[in-house]
2 protein chains.
Amino acid sequence: MTDGKREKSWRAGPVRIRVTLPGEPGPSSPKERLTVERIVDAAMDLMAEQGYDAVSMRSLAKALDTGPASLYAHVASKEEVDQLVLDRISAELVVPAPDPGRWDEQLRQVMRDMLALYRRHPGSARAAIGMIPSGTGALRTMEGLLAICDAGGISPQASAWFCDLAAAYVSAIAVEEAIWVQRANSTPPGEEPDHPAIDEQLRAMMEALPAAEFPLVTSMAAVMTAGDGDDRFEFGIAVLVAGLRAVSDTYR
Amino acid sequence: MTDGKREKSWRAGPVRIRVTLPGEPGPSSPKERLTVERIVDAAMDLMAEQGYDAVSMRSLAKALDTGPASLYAHVASKEEVDQLVLDRISAELVVPAPDPGRWDEQLRQVMRDMLALYRRHPGSARAAIGMIPSGTGALRTMEGLLAICDAGGISPQASAWFCDLAAAYVSAIAVEEAIWVQRANSTPPGEEPDHPAIDEQLRAMMEALPAAEFPLVTSMAAVMTAGDGDDRFEFGIAVLVAGLRAVSDTYR
DNA sequence: ACCTGAACACCGTTCAAGT
DNA sequence: ACCTGAACACCGTTCAAGT
(Lines give C-alpha, C1' and ligand atoms only; values in the text may rest on other atoms or scores of the structure.)
Protein backbone atom coordinates (compact mmCIF):
# COMPACT_ATOMS: atom_id res chain seq x y z
CA MET A 1 0.00 0.00 0.00
CA THR A 2 2.75 2.50 0.85
CA ASP A 3 4.78 1.64 -2.19
CA GLY A 4 6.48 5.01 -2.36
CA LYS A 5 8.22 4.38 0.91
CA ARG A 6 9.40 1.00 -0.20
CA GLU A 7 10.94 2.26 -3.46
CA LYS A 8 13.03 4.89 -1.71
CA SER A 9 15.62 2.41 -0.61
CA TRP A 10 16.91 1.60 -4.08
CA ARG A 11 16.77 4.90 -5.95
CA ALA A 12 19.49 4.02 -8.48
CA GLY A 13 19.58 3.40 -12.21
CA PRO A 14 16.65 3.59 -14.58
CA VAL A 15 13.14 2.83 -13.44
CA ARG A 16 12.81 -0.82 -12.54
CA ILE A 17 9.46 -2.40 -13.28
CA ARG A 18 8.44 -4.58 -10.37
CA VAL A 19 6.90 -7.72 -11.79
CA THR A 20 6.22 -9.27 -8.41
CA LEU A 21 3.08 -8.49 -6.46
CA PRO A 22 3.36 -6.58 -3.18
CA GLY A 23 3.51 -9.37 -0.65
CA GLU A 24 5.22 -11.79 -2.95
CA PRO A 25 8.91 -11.10 -3.54
CA GLY A 26 10.47 -12.77 -6.55
CA PRO A 27 13.17 -15.37 -6.04
CA SER A 28 15.99 -12.89 -6.20
CA SER A 29 14.30 -9.64 -5.12
CA PRO A 30 16.00 -7.52 -2.50
CA LYS A 31 15.15 -8.56 0.99
CA GLU A 32 11.70 -7.35 1.97
CA ARG A 33 11.57 -5.04 4.93
CA LEU A 34 10.59 -6.73 8.18
CA THR A 35 7.25 -5.66 9.63
CA VAL A 36 5.00 -6.90 12.41
CA GLU A 37 2.50 -7.98 9.75
CA ARG A 38 5.07 -10.14 7.98
CA ILE A 39 6.11 -11.69 11.28
CA VAL A 40 2.50 -12.53 12.14
CA ASP A 41 1.92 -13.90 8.62
CA ALA A 42 4.92 -16.15 8.96
CA ALA A 43 3.84 -17.31 12.41
CA MET A 44 0.38 -18.23 11.15
CA ASP A 45 1.77 -20.10 8.15
CA LEU A 46 4.23 -22.01 10.28
CA MET A 47 1.55 -22.85 12.82
CA ALA A 48 -0.88 -24.05 10.18
CA GLU A 49 1.72 -26.22 8.46
CA GLN A 50 3.67 -27.64 11.37
CA GLY A 51 1.81 -26.90 14.57
CA TYR A 52 2.36 -24.62 17.52
CA ASP A 53 5.64 -26.15 18.65
CA ALA A 54 7.19 -25.38 15.28
CA VAL A 55 6.77 -21.66 15.85
CA SER A 56 9.85 -20.30 17.59
CA MET A 57 11.64 -17.00 17.27
CA ARG A 58 14.35 -18.90 15.44
CA SER A 59 12.12 -20.79 13.00
CA LEU A 60 10.22 -17.56 12.42
CA ALA A 61 13.46 -15.76 11.65
CA LYS A 62 14.52 -18.51 9.28
CA ALA A 63 11.19 -18.35 7.44
CA LEU A 64 11.71 -14.61 7.06
CA ASP A 65 15.30 -15.16 5.94
CA THR A 66 16.93 -13.34 8.81
CA GLY A 67 18.33 -13.98 12.28
CA PRO A 68 16.30 -14.25 15.49
CA ALA A 69 17.66 -10.99 16.89
CA SER A 70 16.14 -9.01 14.02
CA LEU A 71 12.62 -9.84 15.15
CA TYR A 72 13.14 -7.98 18.41
CA ALA A 73 13.13 -4.66 16.57
CA HIS A 74 9.43 -5.25 15.89
CA VAL A 75 8.09 -7.39 18.72
CA ALA A 76 9.03 -7.52 22.37
CA SER A 77 8.81 -11.26 22.87
CA LYS A 78 7.48 -14.59 21.72
CA GLU A 79 4.47 -13.93 23.90
CA GLU A 80 3.67 -10.80 21.94
CA VAL A 81 3.81 -12.77 18.69
CA ASP A 82 1.27 -15.22 20.14
CA GLN A 83 -0.92 -12.35 21.25
CA LEU A 84 -0.81 -10.79 17.78
CA VAL A 85 -1.65 -14.08 16.11
CA LEU A 86 -4.64 -14.47 18.38
CA ASP A 87 -5.80 -10.92 17.67
CA ARG A 88 -5.62 -11.58 13.96
CA ILE A 89 -7.60 -14.79 14.27
CA SER A 90 -10.29 -13.46 16.58
CA ALA A 91 -11.11 -10.76 14.04
CA GLU A 92 -12.65 -13.53 11.93
CA LEU A 93 -15.45 -14.21 14.38
CA VAL A 94 -18.78 -12.53 13.65
CA VAL A 95 -21.30 -12.38 16.47
CA PRO A 96 -24.91 -12.13 15.31
CA ALA A 97 -27.22 -9.28 16.28
CA PRO A 98 -29.31 -10.37 19.26
CA ASP A 99 -32.67 -12.02 18.59
CA PRO A 100 -34.50 -12.15 21.95
CA GLY A 101 -36.49 -15.27 21.12
CA ARG A 102 -33.38 -17.25 20.24
CA TRP A 103 -30.83 -16.01 22.79
CA ASP A 104 -29.94 -19.51 23.99
CA GLU A 105 -29.40 -20.93 20.49
CA GLN A 106 -27.39 -17.82 19.64
CA LEU A 107 -25.10 -18.30 22.64
CA ARG A 108 -24.51 -21.91 21.66
CA GLN A 109 -23.81 -20.87 18.06
CA VAL A 110 -21.21 -18.31 19.10
CA MET A 111 -19.47 -20.99 21.14
CA ARG A 112 -19.55 -23.36 18.14
CA ASP A 113 -18.04 -20.60 16.02
CA MET A 114 -15.32 -19.98 18.60
CA LEU A 115 -14.34 -23.64 18.52
CA ALA A 116 -14.48 -23.66 14.72
CA LEU A 117 -12.08 -20.72 14.70
CA TYR A 118 -9.52 -22.57 16.81
CA ARG A 119 -9.94 -25.63 14.61
CA ARG A 120 -9.48 -23.62 11.43
CA HIS A 121 -6.14 -22.40 12.78
CA PRO A 122 -4.50 -25.48 14.22
CA GLY A 123 -2.14 -24.59 17.03
CA SER A 124 -3.84 -21.30 17.86
CA ALA A 125 -5.52 -22.82 20.90
CA ARG A 126 -2.13 -23.55 22.46
CA ALA A 127 -1.13 -19.94 21.98
CA ALA A 128 -4.28 -18.91 23.82
CA ILE A 129 -3.41 -20.75 27.05
CA GLY A 130 -3.38 -18.27 29.87
CA MET A 131 -3.70 -15.31 27.58
CA ILE A 132 -5.65 -12.37 28.88
CA PRO A 133 -8.05 -11.44 26.08
CA SER A 134 -7.12 -7.80 25.62
CA GLY A 135 -7.28 -7.65 21.83
CA THR A 136 -10.06 -5.82 20.03
CA GLY A 137 -11.30 -9.06 18.50
CA ALA A 138 -11.87 -10.68 21.87
CA LEU A 139 -13.59 -7.57 23.20
CA ARG A 140 -15.89 -7.44 20.17
CA THR A 141 -16.88 -11.05 20.90
CA MET A 142 -17.60 -10.12 24.51
CA GLU A 143 -19.72 -7.17 23.44
CA GLY A 144 -21.73 -9.48 21.21
CA LEU A 145 -22.18 -12.12 23.92
CA LEU A 146 -23.32 -9.49 26.41
CA ALA A 147 -25.87 -8.16 23.92
CA ILE A 148 -27.31 -11.64 23.40
CA CYS A 149 -27.48 -12.30 27.15
CA ASP A 150 -29.13 -8.93 27.66
CA ALA A 151 -31.74 -9.72 25.03
CA GLY A 152 -32.37 -13.00 26.83
CA GLY A 153 -33.05 -11.21 30.10
CA ILE A 154 -29.94 -12.56 31.82
CA SER A 155 -28.72 -10.47 34.75
CA PRO A 156 -25.60 -8.33 34.15
CA GLN A 157 -23.46 -10.16 36.69
CA ALA A 158 -24.40 -13.56 35.31
CA SER A 159 -23.81 -12.34 31.74
CA ALA A 160 -20.41 -10.92 32.57
CA TRP A 161 -19.16 -14.04 34.33
CA PHE A 162 -20.68 -16.23 31.65
CA CYS A 163 -18.40 -14.61 29.05
CA ASP A 164 -15.45 -15.79 31.13
CA LEU A 165 -16.92 -19.23 31.59
CA ALA A 166 -17.70 -19.70 27.91
CA ALA A 167 -14.25 -18.55 26.83
CA ALA A 168 -12.54 -20.81 29.38
CA TYR A 169 -14.59 -23.84 28.37
CA VAL A 170 -14.18 -23.43 24.63
CA SER A 171 -10.46 -22.82 24.83
CA ALA A 172 -10.00 -25.78 27.19
CA ILE A 173 -11.71 -28.05 24.66
CA ALA A 174 -9.72 -26.54 21.81
CA VAL A 175 -6.42 -27.09 23.62
CA GLU A 176 -7.34 -30.67 24.41
CA GLU A 177 -8.21 -31.33 20.79
CA ALA A 178 -5.06 -29.61 19.57
CA ILE A 179 -2.87 -31.84 21.70
CA TRP A 180 -4.71 -34.92 20.49
CA VAL A 181 -4.31 -33.90 16.87
CA GLN A 182 -0.66 -33.13 17.40
CA ARG A 183 0.00 -36.49 18.98
CA ALA A 184 -1.80 -38.21 16.11
CA ASN A 185 0.23 -36.29 13.54
CA SER A 186 3.54 -36.88 15.25
CA THR A 187 3.06 -40.64 15.17
CA PRO A 188 5.87 -41.91 12.95
CA PRO A 189 4.34 -42.51 9.49
CA GLY A 190 5.33 -46.15 9.55
CA GLU A 191 3.59 -46.87 12.81
CA GLU A 192 -0.02 -47.59 13.34
CA PRO A 193 -1.85 -44.24 13.44
CA ASP A 194 -3.77 -45.38 16.50
CA HIS A 195 -6.78 -45.62 14.30
CA PRO A 196 -8.80 -48.17 16.17
CA ALA A 197 -8.90 -44.88 18.09
CA ILE A 198 -7.75 -43.88 21.51
CA ASP A 199 -11.42 -44.22 22.48
CA GLU A 200 -11.21 -47.96 21.92
CA GLN A 201 -8.07 -48.28 23.99
CA LEU A 202 -9.48 -46.10 26.72
CA ARG A 203 -12.63 -48.17 26.78
CA ALA A 204 -10.69 -51.41 26.94
CA MET A 205 -8.56 -49.99 29.75
CA MET A 206 -11.63 -49.00 31.75
CA GLU A 207 -13.26 -52.37 31.25
CA ALA A 208 -10.10 -54.11 32.43
CA LEU A 209 -10.17 -52.29 35.77
CA PRO A 210 -11.05 -54.26 38.94
CA ALA A 211 -14.84 -54.19 38.97
CA ALA A 212 -14.96 -54.34 42.77
CA GLU A 213 -13.13 -51.05 43.13
CA PHE A 214 -14.52 -49.36 40.01
CA PRO A 215 -18.06 -50.70 39.56
CA LEU A 216 -19.37 -47.67 37.69
CA VAL A 217 -16.36 -46.91 35.50
CA THR A 218 -16.18 -50.54 34.35
CA SER A 219 -19.89 -50.91 33.68
CA MET A 220 -20.19 -47.51 32.06
CA ALA A 221 -17.01 -47.74 29.96
CA ALA A 222 -19.01 -47.72 26.73
CA VAL A 223 -21.05 -44.68 27.60
CA MET A 224 -17.98 -42.88 28.98
CA THR A 225 -16.15 -43.20 25.69
CA ALA A 226 -19.28 -42.61 23.57
CA GLY A 227 -19.48 -39.87 21.01
CA ASP A 228 -16.95 -37.79 19.16
CA GLY A 229 -15.67 -34.34 20.02
CA ASP A 230 -18.70 -32.63 18.56
CA ASP A 231 -21.14 -34.70 20.61
CA ARG A 232 -19.29 -33.87 23.78
CA PHE A 233 -19.05 -30.22 22.88
CA GLU A 234 -22.77 -30.03 22.13
CA PHE A 235 -23.43 -31.52 25.54
CA GLY A 236 -21.08 -29.02 27.14
CA ILE A 237 -22.63 -25.93 25.60
CA ALA A 238 -26.13 -27.24 26.31
CA VAL A 239 -25.17 -27.58 29.99
CA LEU A 240 -23.60 -24.13 30.08
CA VAL A 241 -26.54 -22.31 28.54
CA ALA A 242 -29.18 -24.23 30.50
CA GLY A 243 -27.18 -23.57 33.65
CA LEU A 244 -26.93 -19.87 32.89
CA ARG A 245 -30.69 -19.66 32.51
CA ALA A 246 -31.14 -21.49 35.81
CA VAL A 247 -28.77 -19.42 37.96
CA SER A 248 -29.26 -16.02 36.33
CA ASP A 249 -31.70 -14.80 38.96
CA THR A 250 -29.49 -15.70 41.91
CA TYR A 251 -26.65 -13.51 40.55
CA ARG A 252 -27.79 -9.95 40.28
CA MET B 1 12.26 -52.49 51.26
CA THR B 2 14.49 -54.81 49.20
CA ASP B 3 17.60 -54.04 51.16
CA GLY B 4 19.27 -57.32 50.32
CA LYS B 5 19.42 -56.37 46.71
CA ARG B 6 20.88 -53.02 47.49
CA GLU B 7 23.75 -54.43 49.61
CA LYS B 8 24.84 -56.83 46.92
CA SER B 9 26.67 -54.20 44.96
CA TRP B 10 29.32 -53.55 47.57
CA ARG B 11 29.97 -56.96 49.10
CA ALA B 12 33.50 -56.19 50.32
CA GLY B 13 35.14 -55.91 53.71
CA PRO B 14 33.43 -56.44 57.07
CA VAL B 15 29.73 -55.76 57.57
CA ARG B 16 29.05 -52.03 57.34
CA ILE B 17 26.39 -50.73 59.67
CA ARG B 18 24.19 -48.24 57.87
CA VAL B 19 23.52 -45.42 60.28
CA THR B 20 21.33 -43.42 57.90
CA LEU B 21 17.65 -44.11 57.58
CA PRO B 22 16.38 -45.45 54.26
CA GLY B 23 15.17 -42.29 52.55
CA GLU B 24 17.53 -39.95 54.35
CA PRO B 25 21.16 -40.11 53.31
CA GLY B 26 23.71 -38.57 55.63
CA PRO B 27 25.83 -35.67 54.41
CA SER B 28 28.58 -37.89 53.07
CA SER B 29 26.70 -41.14 52.49
CA PRO B 30 27.23 -43.01 49.26
CA LYS B 31 25.01 -41.72 46.51
CA GLU B 32 21.48 -42.94 46.99
CA ARG B 33 20.13 -45.15 44.30
CA LEU B 34 17.91 -43.41 41.77
CA THR B 35 14.27 -44.51 41.79
CA VAL B 36 11.09 -43.28 40.16
CA GLU B 37 9.87 -42.22 43.60
CA ARG B 38 12.90 -40.04 44.20
CA ILE B 39 12.49 -38.47 40.77
CA VAL B 40 8.83 -37.68 41.45
CA ASP B 41 9.71 -36.30 44.90
CA ALA B 42 12.30 -34.02 43.39
CA ALA B 43 9.90 -32.87 40.67
CA MET B 44 7.23 -32.00 43.22
CA ASP B 45 9.69 -30.10 45.41
CA LEU B 46 11.06 -28.16 42.48
CA MET B 47 7.57 -27.36 41.23
CA ALA B 48 6.39 -26.18 44.63
CA GLU B 49 9.42 -24.00 45.17
CA GLN B 50 10.03 -22.54 41.74
CA GLY B 51 7.06 -23.31 39.54
CA TYR B 52 6.40 -25.59 36.62
CA ASP B 53 8.93 -24.02 34.27
CA ALA B 54 11.71 -24.76 36.72
CA VAL B 55 11.15 -28.49 36.35
CA SER B 56 13.28 -29.83 33.53
CA MET B 57 15.08 -33.09 33.08
CA ARG B 58 18.28 -31.16 33.67
CA SER B 59 17.19 -29.31 36.82
CA LEU B 60 15.73 -32.56 38.10
CA ALA B 61 19.02 -34.32 37.49
CA LYS B 62 20.92 -31.54 39.24
CA ALA B 63 18.62 -31.75 42.26
CA LEU B 64 19.30 -35.49 42.39
CA ASP B 65 23.01 -34.90 41.98
CA THR B 66 23.37 -36.71 38.69
CA GLY B 67 23.24 -36.06 34.96
CA PRO B 68 20.10 -35.82 32.83
CA ALA B 69 20.81 -39.04 30.99
CA SER B 70 20.60 -41.04 34.21
CA LEU B 71 16.91 -40.26 34.59
CA TYR B 72 16.10 -42.11 31.39
CA ALA B 73 16.87 -45.41 33.06
CA HIS B 74 13.75 -44.87 35.17
CA VAL B 75 11.37 -42.75 33.15
CA ALA B 76 10.76 -42.61 29.43
CA SER B 77 10.31 -38.87 29.06
CA LYS B 78 9.51 -35.56 30.67
CA GLU B 79 5.88 -36.25 29.88
CA GLU B 80 5.98 -39.40 31.99
CA VAL B 81 7.40 -37.41 34.90
CA ASP B 82 4.46 -34.99 34.62
CA GLN B 83 2.05 -37.90 34.47
CA LEU B 84 3.56 -39.45 37.58
CA VAL B 85 3.43 -36.16 39.48
CA LEU B 86 -0.23 -35.83 38.61
CA ASP B 87 -0.95 -39.38 39.71
CA ARG B 88 0.71 -38.71 43.04
CA ILE B 89 -1.27 -35.52 43.56
CA SER B 90 -4.64 -36.90 42.52
CA ALA B 91 -4.32 -39.60 45.15
CA GLU B 92 -4.91 -36.85 47.72
CA LEU B 93 -8.48 -36.23 46.61
CA VAL B 94 -11.19 -37.95 48.60
CA VAL B 95 -14.62 -38.16 47.04
CA PRO B 96 -17.46 -38.47 49.56
CA ALA B 97 -19.92 -41.36 49.56
CA PRO B 98 -23.05 -40.31 47.69
CA ASP B 99 -25.87 -38.72 49.65
CA PRO B 100 -28.91 -38.65 47.32
CA GLY B 101 -30.43 -35.56 48.89
CA ARG B 102 -27.28 -33.52 48.46
CA TRP B 103 -25.96 -34.72 45.09
CA ASP B 104 -25.70 -31.20 43.65
CA GLU B 105 -23.82 -29.78 46.63
CA GLN B 106 -21.57 -32.84 46.60
CA LEU B 107 -20.69 -32.32 42.94
CA ARG B 108 -19.83 -28.70 43.61
CA GLN B 109 -17.73 -29.72 46.62
CA VAL B 110 -15.72 -32.24 44.62
CA MET B 111 -14.97 -29.52 42.05
CA ARG B 112 -13.90 -27.15 44.84
CA ASP B 113 -11.61 -29.88 46.17
CA MET B 114 -10.15 -30.46 42.71
CA LEU B 115 -9.28 -26.79 42.39
CA ALA B 116 -7.88 -26.74 45.93
CA LEU B 117 -5.63 -29.66 44.98
CA TYR B 118 -4.16 -27.77 42.03
CA ARG B 119 -3.70 -24.70 44.20
CA ARG B 120 -1.97 -26.70 46.93
CA HIS B 121 0.55 -27.89 44.36
CA PRO B 122 1.42 -24.79 42.38
CA GLY B 123 2.47 -25.65 38.86
CA SER B 124 0.63 -28.96 38.77
CA ALA B 125 -2.16 -27.49 36.67
CA ARG B 126 0.28 -26.73 33.88
CA ALA B 127 1.47 -30.32 33.91
CA ALA B 128 -2.16 -31.39 33.50
CA ILE B 129 -2.69 -29.54 30.20
CA GLY B 130 -3.76 -32.02 27.58
CA MET B 131 -3.08 -34.99 29.80
CA ILE B 132 -5.35 -37.95 29.38
CA PRO B 133 -6.37 -38.93 32.90
CA SER B 134 -5.28 -42.54 32.93
CA GLY B 135 -3.89 -42.69 36.45
CA THR B 136 -5.66 -44.55 39.23
CA GLY B 137 -6.24 -41.34 41.13
CA ALA B 138 -8.14 -39.72 38.28
CA LEU B 139 -10.18 -42.85 37.75
CA ARG B 140 -11.08 -43.02 41.44
CA THR B 141 -12.32 -39.44 41.18
CA MET B 142 -14.43 -40.39 38.16
CA GLU B 143 -15.88 -43.35 39.98
CA GLY B 144 -16.87 -41.08 42.84
CA LEU B 145 -18.42 -38.47 40.56
CA LEU B 146 -20.41 -41.12 38.72
CA ALA B 147 -21.72 -42.48 42.01
CA ILE B 148 -22.90 -39.03 43.09
CA CYS B 149 -24.58 -38.39 39.72
CA ASP B 150 -26.23 -41.78 39.90
CA ALA B 151 -27.57 -41.04 43.37
CA GLY B 152 -28.93 -37.78 41.98
CA GLY B 153 -30.84 -39.58 39.26
CA ILE B 154 -28.71 -38.19 36.43
CA SER B 155 -28.73 -40.28 33.26
CA PRO B 156 -25.59 -42.35 32.57
CA GLN B 157 -24.69 -40.48 29.36
CA ALA B 158 -25.07 -37.10 31.03
CA SER B 159 -23.06 -38.30 34.05
CA ALA B 160 -20.26 -39.65 31.92
CA TRP B 161 -19.88 -36.52 29.83
CA PHE B 162 -20.24 -34.35 32.90
CA CYS B 163 -17.07 -35.92 34.35
CA ASP B 164 -15.24 -34.69 31.27
CA LEU B 165 -16.83 -31.29 31.45
CA ALA B 166 -16.07 -30.81 35.14
CA ALA B 167 -12.45 -31.89 34.73
CA ALA B 168 -11.97 -29.62 31.71
CA TYR B 169 -13.48 -26.63 33.47
CA VAL B 170 -11.60 -27.01 36.73
CA SER B 171 -8.26 -27.56 35.05
CA ALA B 172 -8.84 -24.60 32.72
CA ILE B 173 -9.44 -22.36 35.73
CA ALA B 174 -6.44 -23.82 37.53
CA VAL B 175 -4.15 -23.23 34.55
CA GLU B 176 -5.37 -19.67 34.21
CA GLU B 177 -4.72 -19.01 37.87
CA ALA B 178 -1.31 -20.68 37.72
CA ILE B 179 -0.21 -18.42 34.89
CA TRP B 180 -1.45 -15.37 36.75
CA VAL B 181 0.39 -16.37 39.89
CA GLN B 182 3.53 -17.09 37.94
CA ARG B 183 3.45 -13.72 36.22
CA ALA B 184 2.93 -12.01 39.56
CA ASN B 185 5.85 -13.89 41.10
CA SER B 186 8.19 -13.26 38.19
CA THR B 187 7.70 -9.51 38.44
CA PRO B 188 11.16 -8.18 39.31
CA PRO B 189 11.18 -7.51 43.07
CA GLY B 190 12.04 -3.86 42.56
CA GLU B 191 9.12 -3.18 40.27
CA GLU B 192 5.58 -2.50 41.24
CA PRO B 193 3.93 -5.86 41.89
CA ASP B 194 0.88 -4.74 39.92
CA HIS B 195 -0.93 -4.51 43.16
CA PRO B 196 -3.64 -2.05 42.28
CA ALA B 197 -4.50 -5.37 40.63
CA ILE B 198 -4.84 -6.42 37.05
CA ASP B 199 -8.59 -6.15 37.66
CA GLU B 200 -8.25 -2.40 38.08
CA GLN B 201 -6.21 -2.03 34.91
CA LEU B 202 -8.57 -4.25 32.98
CA ARG B 203 -11.51 -2.25 34.21
CA ALA B 204 -9.88 1.04 33.28
CA MET B 205 -9.03 -0.36 29.87
CA MET B 206 -12.63 -1.42 29.27
CA GLU B 207 -13.99 1.92 30.40
CA ALA B 208 -11.60 3.72 28.05
CA LEU B 209 -12.98 1.87 25.02
CA PRO B 210 -15.11 3.80 22.48
CA ALA B 211 -18.59 3.68 23.96
CA ALA B 212 -20.23 3.78 20.55
CA GLU B 213 -18.63 0.54 19.48
CA PHE B 214 -18.61 -1.17 22.88
CA PRO B 215 -21.69 0.12 24.72
CA LEU B 216 -22.08 -2.93 26.96
CA VAL B 217 -18.43 -3.61 27.75
CA THR B 218 -17.86 0.02 28.73
CA SER B 219 -21.00 0.36 30.84
CA MET B 220 -20.56 -3.07 32.44
CA ALA B 221 -16.83 -2.78 33.10
CA ALA B 222 -17.34 -2.80 36.85
CA VAL B 223 -19.49 -5.90 36.87
CA MET B 224 -17.22 -7.64 34.36
CA THR B 225 -14.23 -7.27 36.64
CA ALA B 226 -16.20 -7.90 39.83
CA GLY B 227 -15.31 -10.64 42.26
CA ASP B 228 -12.20 -12.67 42.90
CA GLY B 229 -11.30 -16.09 41.59
CA ASP B 230 -13.46 -17.86 44.15
CA ASP B 231 -16.55 -15.85 43.27
CA ARG B 232 -16.13 -16.65 39.61
CA PHE B 233 -15.48 -20.30 40.33
CA GLU B 234 -18.58 -20.55 42.52
CA PHE B 235 -20.58 -19.09 39.66
CA GLY B 236 -19.03 -21.55 37.24
CA ILE B 237 -19.77 -24.67 39.26
CA ALA B 238 -23.29 -23.42 40.02
CA VAL B 239 -23.89 -23.07 36.27
CA LEU B 240 -22.43 -26.49 35.54
CA VAL B 241 -24.46 -28.36 38.13
CA ALA B 242 -27.70 -26.50 37.41
CA GLY B 243 -27.13 -27.13 33.70
CA LEU B 244 -26.52 -30.82 34.30
CA ARG B 245 -29.81 -31.10 36.14
CA ALA B 246 -31.59 -29.30 33.32
CA VAL B 247 -30.25 -31.33 30.39
CA SER B 248 -29.96 -34.74 32.07
CA ASP B 249 -33.25 -36.01 30.63
CA THR B 250 -32.42 -35.08 27.05
CA TYR B 251 -29.25 -37.22 27.15
CA ARG B 252 -30.14 -40.80 27.83
C1' DA C 1 21.01 -53.33 35.31
C1' DC C 2 22.17 -49.01 36.16
C1' DC C 3 24.77 -44.89 35.54
C1' DT C 4 27.79 -41.53 33.04
C1' DG C 5 29.93 -37.89 29.76
C1' DA C 6 29.50 -36.07 25.69
C1' DA C 7 27.03 -34.83 21.95
C1' DC C 8 22.95 -33.49 18.86
C1' DA C 9 19.64 -30.40 17.65
C1' DC C 10 17.23 -27.20 19.54
C1' DC C 11 15.18 -22.84 22.70
C1' DG C 12 14.34 -17.14 24.05
C1' DT C 13 16.76 -13.11 24.68
C1' DT C 14 20.60 -9.64 24.88
C1' DC C 15 24.11 -6.74 23.21
C1' DA C 16 27.74 -4.45 20.86
C1' DA C 17 28.51 -3.49 16.28
C1' DG C 18 27.28 -2.22 11.81
C1' DT C 19 24.46 0.41 7.97
C1' DA D 1 15.88 3.23 12.87
C1' DC D 2 16.67 -1.07 11.61
C1' DC D 3 19.37 -5.14 11.15
C1' DT D 4 23.19 -8.42 12.21
C1' DG D 5 26.53 -12.04 14.33
C1' DA D 6 27.79 -13.85 18.23
C1' DA D 7 27.05 -15.11 22.64
C1' DC D 8 24.57 -16.50 27.13
C1' DA D 9 22.07 -19.61 29.55
C1' DC D 10 19.17 -22.82 28.78
C1' DC D 11 16.05 -27.24 26.69
C1' DG D 12 14.82 -32.96 25.79
C1' DT D 13 16.83 -36.95 24.22
C1' DT D 14 20.29 -40.40 22.50
C1' DC D 15 24.21 -43.25 22.59
C1' DA D 16 28.50 -45.48 23.27
C1' DA D 17 31.07 -46.45 27.14
C1' DG D 18 31.77 -47.72 31.72
C1' DT D 19 30.79 -50.41 36.35
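Only a predicted model underlies this, so the values are computations on that prediction, with no experimental measurement involved. What's counted below: heavy atoms across the whole structure, side chains too, no hydrogens, waters or symmetry copies. Below, read A as the first sequence line, B as the second, and so on, with proteins coming before strands; counting in each chain starts at 1.
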Enquirer: Rounded to whole angstroms, how far apart are CG on B:Leu71 and P on C:dC3?
Expert: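 The distance from CG of B:Leu71 to P of C:dC3 comes to 10 Å, rounded to the nearest Å.
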
Enquirer: Of all the nucleotides listed (C:dC11, D:dT4, D:dC3), which has the minimum atom distance to the side chain of A:Ser59?
Expert: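 For the A:Ser59 side chain, the nearest candidate turns out to be C:dC11.
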
Enquirer: Per the side-chain contact (heavy atoms from CB on, under 4.5 Å) rule, which among B:Arg126, B:Lys78, B:Gln50 passes with B:Val55?
Expert: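 Running side-chain contact (heavy atoms from CB on, under 4.5 Å) over B:Arg126, B:Lys78, B:Gln50 with B:Val55 returns exactly one hit, B:Lys78.
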
Enquirer: When both hydrogen-bonding distances must be under 3.5 Å and the geometry is Watson-Crick or G-U wobble, what is C:dT19 paired with, if anything?
Expert: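 Pairing partner, where one exists within any strand: D:dA1.
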
Enquirer: Can you tell me how far P in D:dA9 sits from the matching atom in C:dC10, rounded to whole Å?
Expert: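 To the nearest whole Å, 22 Å.
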
Enquirer: Counting heavy atoms from C-beta on, name the nucleotide in C:dC15, C:dG12, D:dG12 closest to the side chain of B:Lys78.
Expert: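 When the side chain of B:Lys78 is considered, D:dG12 is the closest of C:dC15, C:dG12, D:dG12.
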
Enquirer: Taking for each residue the nucleotide of DNA chain D bearing the nearest heavy atom, is the 5' side occupied by A:Ala73 or by A:Pro68?
Expert: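 Its nucleotide being nearer the 5' end, the pick is A:Ala73.
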
Enquirer: Output the rounded distance in Å from OH (A:Tyr52) to P (C:dC11).
Expert: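 So the OH-P distance, A:Tyr52 to C:dC11, works out to 13 Å.
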
Enquirer: Nearest whole Å is fine: how far is D:dG12 P from B:Leu60 CG?
Expert: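 Roughly 9 Å, once rounded to whole Å.
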
Enquirer: Write down the partner of C:dC10 under the Watson-Crick or G-U wobble criteria, each distance required to be under 3.5 Å.
Expert: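 None - no nucleotide pairs with C:dC10, as no candidate has both distances under 3.5 Å.
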
Enquirer: Over how many whole Å does the gap from B:Asp53 atom CG to C:dG12 atom P extend?
Expert: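 So the CG-P distance, B:Asp53 to C:dG12, works out to 13 Å.
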
Enquirer: Would you say C:dT4 has OP1 or OP2 under 4.0 Å from some side-chain N or O of B:Ser70?
Expert: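 Yes.
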
Enquirer: Evaluate the side-chain proximity of A:Met205 to A:Leu202: yes if any heavy-atom separation is below 4.5 Å, no if none is.
Expert: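 Of all side-chain heavy-atom pairs linking A:Met205 with A:Leu202, at least one is under 4.5 Å.
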
Enquirer: Could you measure the distance from the OH atom of B:Tyr52 to the OG atom of B:Ser124? Nearest 0.5 Å is fine.
Expert: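 With rounding to 0.5 Å, OH (B:Tyr52) is 10.5 Å from OG (B:Ser124).
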
Enquirer: Starting at atom CE of A:Met57, determine the distance to atom C1' of C:dG12, rounded to an integer number of angstrom.
Expert: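 Atom-to-atom, A:Met57 to C:dG12, this comes out as 8 Å.
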
Enquirer: Rounded to the nearest 0.5 Å, how far does CZ of B:Phe162 lie from CG of B:Leu165?
Expert: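 If we round to the nearest 0.5 Å, B:Leu165:CG and B:Phe162:CZ are 6.0 Å apart.
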
Enquirer: With rounding to the nearest 0.5 angstrom, report the CZ to CG distance, A:Arg232 to A:Asp230.
Expert: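 The CZ atom of A:Arg232 sits 11.5 Å away from the CG atom of A:Asp230.
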
Enquirer: Counting side-chain heavy atoms from C-beta on, which of C:dC11, C:dA6, C:dG12 comes nearest to B:Ala69?
Expert: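 For the B:Ala69 side chain, the nearest candidate turns out to be C:dA6.
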
Enquirer: Any side-chain N or O of A:His74 under 4.0 Å from OP1/OP2 of D:dC3?
Expert: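 For A:His74, the contact criterion (side-chain N or O under 4.0 Å from OP1 or OP2 of D:dC3) is met.
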
Enquirer: Of the listed nucleotides (C:dC3, D:dG12, D:dC2), which one gets closest to any side-chain atom of A:Arg33?
Expert: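 Of C:dC3, D:dG12, D:dC2, D:dC2 is nearest to the side chain of A:Arg33.
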
Enquirer: Describe the nucleic acid contact of A:Ser56 in one word from base, sugar-phosphate, nothing, applying a heavy-atom distance below 4.0 Å.
Expert: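 Sugar-phosphate contact only.
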
Enquirer: Between B:Arg58 (CZ) and C:dT4 (P), how many Å, whole number?
Expert: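 Taking atom P of C:dT4 as the reference, CZ of B:Arg58 is at 15 Å.
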
Enquirer: Rounded to whole Å, how long is the line connecting atom CG of B:Leu64 with atom P of C:dC3?
Expert: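 For the pair B:Leu64 CG and C:dC3 P, the rounded distance is 11 Å.
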
Enquirer: Using whole Å, report how far CD1 of B:Ile39 lies from C1' of D:dT13.
Expert: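 About 15 Å, once rounded to whole Å.
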
